[in-house]
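One structure is given below, encoded as structure tokens.
We're numbering straight along the sequence, starting at 1.
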Amino acid sequence: MPDGAASPGTGPKPPWLKVRLDTGPGYRLVRGMVAGLKLHTVCQEARCPNIYECWGDRTATFMILGDVCTRSCGFCAVSTGRPRPVDPEEPEHVAQAVAHLSLRHAVITMVDRDDLPDGGAAHVAAVIRAVRRANPECEVEILTSDFRDAPSPHAAILAEGPVTFSHNIETVPRLYPVVRRGSQFERSLDLLRGAVAWRGGARRPLVKTGLMVGLGETRGELLETFARLAEASVEIVTIGQYLRPTPQHLPVARYYHPDEFAALRAHAMSLGFRHVEAGPLVCSSYHARRHTESAALGQRERSADSGLDSPAFRP
């Protein structure tokens with residue numbers, strides 16, 4: 001298949017994308033707790049296929065600053081519109097949920113809040129502070145927006161000591177006008193660079209990003225994007241399959257085979273990333289604690305063969 005050609009993304013999903021629906025006690029516990037504390041999770045809002053596994057394991061990714069986003073990305077199922085006022089009780093509610101689940105690694109993400117002068121940075125910092133105060137043994141991973149034109153969002157957030165600072169670039173630069181309307185690849189890359197610069201010579205926070213495949217990108221574009229992330233000193237990368245949440249969202253250009261994800265991971269690791277998680281159902285927060293532990297140990301896995309010449313890798 002020629003470089004960049006799309007294999008069919010329509011029709012039934014391939015077998016490796018099928019998930020088991022487990023609504024056992026763990027799932028019901030998390031669902032009840034989220035509803036009772038009036039919280040939002042990206043698991044629900046983004047219609048994540050891993051929700052049954054994660055909630056069954058009593059883990060969740062908390063989404064703060066409401067459930068309405070000020071942008072309208074072509075891949076995302078989160079509602080777009082005018083957000084409600086920031087809930088001042090949200091930091092304590094998230095802290096209570098983390099304590100109730102006895103989490104050792106909490107992932108907190110956010111909607112875009114372009115309506116706020118600081119993009120929501122101060123509220124993000126307040127949530128991290130509340131979670132760490134109530135759960136001193138729990139590591140906090142924060143997955144942020146790009147904050148658009150907000151000045152110095154790193155200062156407030158990183159001062160609260162998250163173990164990982166994450167911002168997803170989502171796709172290759174060429175596809176930004178369609179996939180991430182209102183966002184810019186260079187702005188996202190600058191945000192990641194800024195986190196590395198703020199850290200200086202310290203070991204934390206680790207800096208992380210994620211992207212999807214299957215939106216029409218080419219092999220060359222993916223490899224160039226990996227190279228630019230490595231040059232920016234990003235340490236953790238996640239690579240997953242784009243799955244269309246509704247018929248109103250962007251169609252899937254093609255489904256990648258698990259072997260292709262293995263080849264992508266091998267090449268990315270050869271660039272010096274500390275940890276790369278790649279697979280059909282991978283997203284930024286899936287097995288997030290494992291990503292952090294692997295990177296913190298300084299694992300520099302290398303592959304003598306990047307795998308790009310394998311017949312399995314033919315985007």
Side-chain angles (χ1 to χ4, degrees), residues 39-42 61-71 78 83-99 103 105-170 180 182-184 186-210 232-236 284-285 288 292 295-296:
L39 296 173
H40 305 288
T41 70
V42 74
T61 298
F62 302 100
M63 189 172 74
I64 62 174
L65 288 162
D67 60 349
V68 178
C69 186
T70 54
R71 300 190 203 172
V78 175
R84 288 181 284 274
V86 176
D87 179 5
E89 296 183 354
E90 187 172 53
E92 294 304 323
H93 286 171
V94 174
Q96 291 173 34
V98 170
L103 296 183
H105 188 100
V107 182
I108 300 166
T109 188
M110 62 182 289
V111 292
D112 285 287
R113 290 297 301 257
D114 298 321
D115 59 312
L116 301 175
D118 68 347
H123 187 76
V124 172
V127 172
I128 298 172
R129 186 162 55 250
V131 170
R132 295 196 70 203
R133 182 174 58 244
N135 308 271
E137 300 302 317
C138 179
E139 296 178 334
V140 177
E141 175 172 330
I142 185 69
L143 172 59
T144 77
S145 70
D146 65 10
F147 296 103
R148 192 163 281 181
D149 298 320
S152 305
H154 301 99
I157 295 171
L158 298 185
E160 297 301 332
V163 66
T164 303
F165 177 87
S166 182
H167 170 69
N168 288 341
I169 61 162
E170 306 292 8
R180 294 196 69 197
S183 302
Q184 298 173 3
E186 292 299 331
R187 181 195 296 149
S188 289
L189 197 60
D190 283 345
L191 185 74
L192 294 166
R193 288 195 190 105
V196 173
W198 187 94
R199 181 182 66 190
R203 296 176 61 186
R204 292 188 175 182
L206 295 162
V207 179
K208 173 179 175 179
T209 194
S233 298
V234 171
E235 292 151 310
I236 304 173
S284 182
S285 55
T292 297

[atom1]/[X] to [atom2]/[Y] distance, rounded to the nearest 0.5 angstrom?
X	Y	atom1	atom2	answer
N168	S145	CG	OG	11.5 Å
M110	M63	CE	CE	10.5 Å
T109	I64	OG1	CD1	8.0 Å
E139	T292	CD	OG1	6.5 Å
D149	R187	CG	CZ	6.0 Å
I169	S284	CD1	OG	11.0 Å

For [X] and [Y], which heavy atoms make the closest approach, and how far apart are they?
X	Y	value
P117	P151	O-CD, 4.3 Å
V234	I236	CG1-O, 3.5 Å
I157	A121	CG1-O, 3.7 Å
R113	V68	CD-O, 4.4 Å
A296	L206	N-CD1, 4.1 Å
A125	A156	CB-O, 3.5 Å

Say whether, by atom type as modelled, one donor and one acceptor occur between the side chain of [X] and the main chain of [Y] under 3.5 angstrom.
X	Y	answer
E90	L65	yes
D87	G66	no
R71	D112	no

Using side-chain heavy atoms (C-beta onward) and a distance below 4.5 Å, is [X] in contact with [Y]?
X	Y	result
P83	D115	yes
R133	E92	yes
P205	L158	yes
V140	E160	no

Worksheet entry | Residue pairs passing the ring pair (Phe, Tyr, Trp, His ring centres under 6.0 Å) test where at least one lies in residues 107-163, sequence neighbours excluded | H154-F165

Practice prompt. With sequence neighbours left out, write down each residue that passes side chain to side chain donor-acceptor pair (under 3.5 Å) with R148, or none if nothing qualifies.
Written response: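 With sequence neighbours excluded, R148 shows a side chain to side chain donor-acceptor pair (under 3.5 Å) to no residue whatsoever.
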
Practice prompt. Applying side chain to side chain donor-acceptor pair (under 3.5 Å), name anything that partners S188, two or more places apart in sequence or on another chain.
Written response: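 Partners of S188 under the side chain to side chain donor-acceptor pair (under 3.5 Å) test: H167, R180.
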
Practice prompt. Start with the C-alpha gap between D67 and R84, add the side-chain angles, then the distance that decides, and say whether side-chain contact (heavy atoms from CB on, under 4.5 Å) holds.
Written response: CA-CA 9 Å; D67 60 349; R84 288 181 284 274; 2.7 Å; yes

Worksheet item: Got a sec: does the CD of E137 have more than 12 other heavy atoms crowding it under 6.0 Å?
Response: no

